[in-house]
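Order of the sequence lines sets the chain letters (A, B, ...), proteins ahead of strands, with each chain counted from 1.
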Amino acid sequence: MTDQPTPASESAVVIGADVTHWRHRHLLDVDTLTFDEIDLVMRTTDAMKEILARPIAKVPALRGRAVTILFYEASTRTRVSFEVAAKNLSADVVNIAASASSVTKGESLVDTIRTVQALGAQMLVMRHGTSGAPYLAAEHFNGNVLNGGDGWHAHPTQALLDLYTMRGRLPGGSLRGRKVVILGDVLHSRVARSNIWSLTAAGADLWLCGPSTLLRGLDAWAGRAGGFPGHGRFTVTSDVDAALRDADVVMALRIQKERMDSGLLPSLREYTQRFGLTLERLAGARPDAIVMHPGPMNEGVEIDPAVVALDRAVITDQVTNGVAVRMALLYLLAGVHAEETADGA
Amino acid sequence: MAPEERKAGRSAGRARAAGTVGTVVGDLEISRAWLVDPYAGREGPGDIVVERGVITAVTWLTGAAAKGIGPDGVVVAPGFIDLHAHLREPGFEDAETVATGLAAAAHGGFTRVCAMPNTSPATDDAGVVGRVRSAAAASGSPVALDVIGAVTVGRAGERLAALGEMADAGVVGFSDDGAPVKSPVLMAHALRYAGMLGRPIVEHAEESALTAGAEAHEGLVAAVLGLRGWPAAAEESAVARDLALLAQVVRDVPGARLHLTHLSTAAALDLVRHAKAAALPVTCDVTPHHLALTDEWVAGARRWAWEAVDADGAARDPWTDGALVAGPYDPACRVNPPLRDPVDAAAVRAALRDGTADAVVTDHAPHTVVDKEVEFGLAANGISGIETALGVLLAAVDAGELTLPGAIVSLTAGPARLLGLWAGRPAPAGLVEGAPADLVVFDRGERWTVTREALRSRGKNTPLAGRDLPGRVLLTVAAGRVAFTDLE
């Protein structure tokens with residue numbers, strides 16, 4: 001493969017975005033990205049969107065590059081999104097659905113990572129049910145690791161596609177001063193945790209709203225003395241009307257049935273009554289407020305079908321933008337090798 | 001290092017004559033060192049001579065002779081006592097054996113170690129107690145081994161273990177450590193029965209319903225890292241329960257005694273403070289890691305706990321003040337109870353200063369790579385800590401958080417007093433003429449790096465890996481014999 005052009009050298013021709021400032025070998029969360037780096041992801045995503053608009057949405061940027069998608073949790077949309085993104089860039093994709101049983105049989109993550117590497121993987125997209133697992137993988141993998149979601153901790157590509165979608169829809173393309181509400185089960189949500197970093201960095205007025213049992217511990221974070229790059233604070237509340245008042249963006253999160261079994265909620269019915277995103281509740285937000293959901297949705301539980309049907313519900317945009325963002329990230333990471341990493345690994 | 005201290009270091013170097021591990025100390029002279037003897041309640045400059053395993057001369061220097069000798073150089077103290085260590089034998093010899101555990105203890109300056117019963121099989125009858133003792137005898141180590149027996153059969157929390165037979169076999173207390181005695185009914189019975197035998201229940205206080213699946217101290221770090229919160233209330237409610245049961249039991253069994261081990265939260269220590277003021281027969285201990293490390297370490301901070309609070313004593317924010325220097329989710333930082341926040345750690349140090357905490361224990365918990373170097377949420381709990389305890393306490397002394405005699409008391413007279421209460425053990429003689437030499441010599445002016453190679457324990461699981469610690473141990477003498485020597 002040595003005679004093949006590197007993605008970086010092809011970039012000038014194919015992609016058009018300036019990737020020379022990208023220095024991260026892995027994408028484990030968005031907390032290590034500067035505002036400029038997030039901006040670079042956004043601009044690279046623009047270029048990818050152009051490619052997706054072509055009759056044949058395929059470029060040779062990652063030709064010959066071996067991408068392994070290793071998912072320890074069942075997932076359709078994220079896994080397929082990564083797979084489509086990698087294939088659009090002409091990468092060779094291997095999918096591994098690692099079951100929990102391989103863990104119980106004593107197959108360690110480190111051993112699996114070494115095996116995947118020995119089989120030729122150069123980029124690893126990973127989802128794992130345990131918070132922090134991709135950090136362990138990154139310590140042992142010679143190539144690039146993309147976190148496709150770990151436990152309750154992070155889902156960086158989702159946060160970046162959410163940001164991209166908001167920037168595309170908001171007048172002026174900026175989040176600065178915009179009120180963004182994340183509504184629902186924040187406690188168990190890696191989507192919310194990653195969005196806290198990227199949205200506060202982008203200058204949004206972020207509100208996290210849900211039943212108190214599903215906001216556990218978040219107050220400690222919101223009340224920190226310091227701030228993030230950008231500005232800092234966010235608001236945590238169970239007052240859904242206050243949260244939605246004059247909001248520019250409302251993102252509902254999925255409520256899982258098992259939350260009732262563990263005593264966190266009396267019933268789904270009561271959740272829907274008090275926190276479900278209905279047209280009536282949404283009326284408190286700005287008239288042009290956009291509605292988002294990372295999926296999968298329980299329509300009629302956390303979000304009313306009438307809300308999903310609104311033109312300003314951008315849930316399918318999130319899905320298409322997801323492919324473009326993941327193409328951008330695969331492309332950017334592929335240009336960074338072990339010897340030039342800024343991630344210290 | 002001042003020339004005088006250098007001289008003291010060289011003088012200690014004459015202990016070459018002390019010989020190799022296991023042999024009786026033939027002829028040892030340590031001159032111009034700083035002697036700390038908590039048993040006599042005395043510290044200062046002095047010379048000490050050991051012949052044929054016995055201290056034959058202790059000379060406290062005064063006036064011109066003492067000039068230039070300070071507590072910053074070579075220190076001689078009575079051997080340390082660890083009331084709480086996991087030596088893993090029988091059953092988990094890939095993590096540690098009694099022999100490697102005692103070698104690690106000696107490297108840490110300890111001359112007496114209490115082995116916890118979470119072995120396989122559990123140390124729940126006199127037979128297993130005998131096996132552990134035989135392993136210690138076979139190791140050839142002069143470090144004394146005491147055994148703590150299980151409270152319940154197999155530590156399963158269902159029936160009382162053979163407490164009487166184990167007491168006859170010489171165990172110093174009973175504990176299901178690693179887990180609490182879950183049933184309050186059984187806990188009350190255990191306090192009563194052990195009280196009859198004149199032995200304590202050494203309780204790992206944890207309301208396990210509150211910690212099911214828990215990964216890290218519930219607070220800022222757990223919230224940001226998406227780790228399942230391990231609430232302080234789990235420890236505090238268990239301590240409150242145990243104290244209430246003790247108050248009940250002690251009315252008709254005056255010998256009943258409760259010892260709460262590795263307390264880690266401010267409120268739990270407050271409960272003990274009040275119980276002691278009410279004259280309940282309760283004691284407790286704390287660990288070096290809970291007084292010096294915090295949950296910030298899970299996020300990648302590597303500063304001491306006392307550096308993680310601002311001038312008002314409030315916890316600082318490692319995300320905004322540049323304290324995150326390592327990667328997050330290092331499983332070496334996973335321990336039970338979890339590393340708490342900087343305010344709790346400050347309360348642990350305060351409890352040590354005001355006597356609420358009676359001793360420092362290491363909770364030495366060696367683990368294999370297979371059990372430890374995995375995903376944070378799946379990693380075994382525990383820190384291999386018997387070799388780093390002194391260095392961590394000395395770091396606290398250097399920072400003005402503890403005094404040197406205070407730190408040494410917590411490793412000597414503190415635990416010795418508890419062994420007296422628990423099992424009628426007479427206190428060691430200390431640094432006095434005619435006593436068998438049982439002492440540690442360390443150089444406060446010399447730092448050492450915590451590496452896999454430097455650790456004698458099979459368990460290399462320490463968050464302090466790569467760190468320099470003050471106070472290299474030069475020599476440990478247990479019962480007149482060399483237990484550890486690092487003299488050139």
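Contacts of B/Arg228 with chain A are made by both backbone and side-chain atoms, with heavy-atom separations under 4.5 Å.
Under 4.0 Å is where a charged nitrogen must lie from a carboxylate oxygen, and between B/Arg302 and B/Asp330 at least one such pair does. A salt bridge is absent between B/Glu206 and B/Arg241; no separation between the charged side-chain nitrogens and carboxylate oxygens falls under 4.0 Å.
With B/Trp304 as the aromatic partner, B/Arg467 meets the cation-pi criteria of under 6.0 angstrom to the ring centre and within 45 degrees of the ring axis. The side-chain tip of A/Arg79 does not point at the ring of A/Phe71 from less than 6.0 angstrom away and within 45° of straight on.
Ranking B/Ala222, B/Gly377, B/Gly327, B/Pro328 against chain A, the residue ahead of the rest is B/Pro328, based on heavy-atom pairs under 4.5 Å. Contact tally against chain B (heavy-atom pairs below 4.5 Å) for A/Gly217, A/Gly132, A/Ala133: the top residue is A/Gly132.
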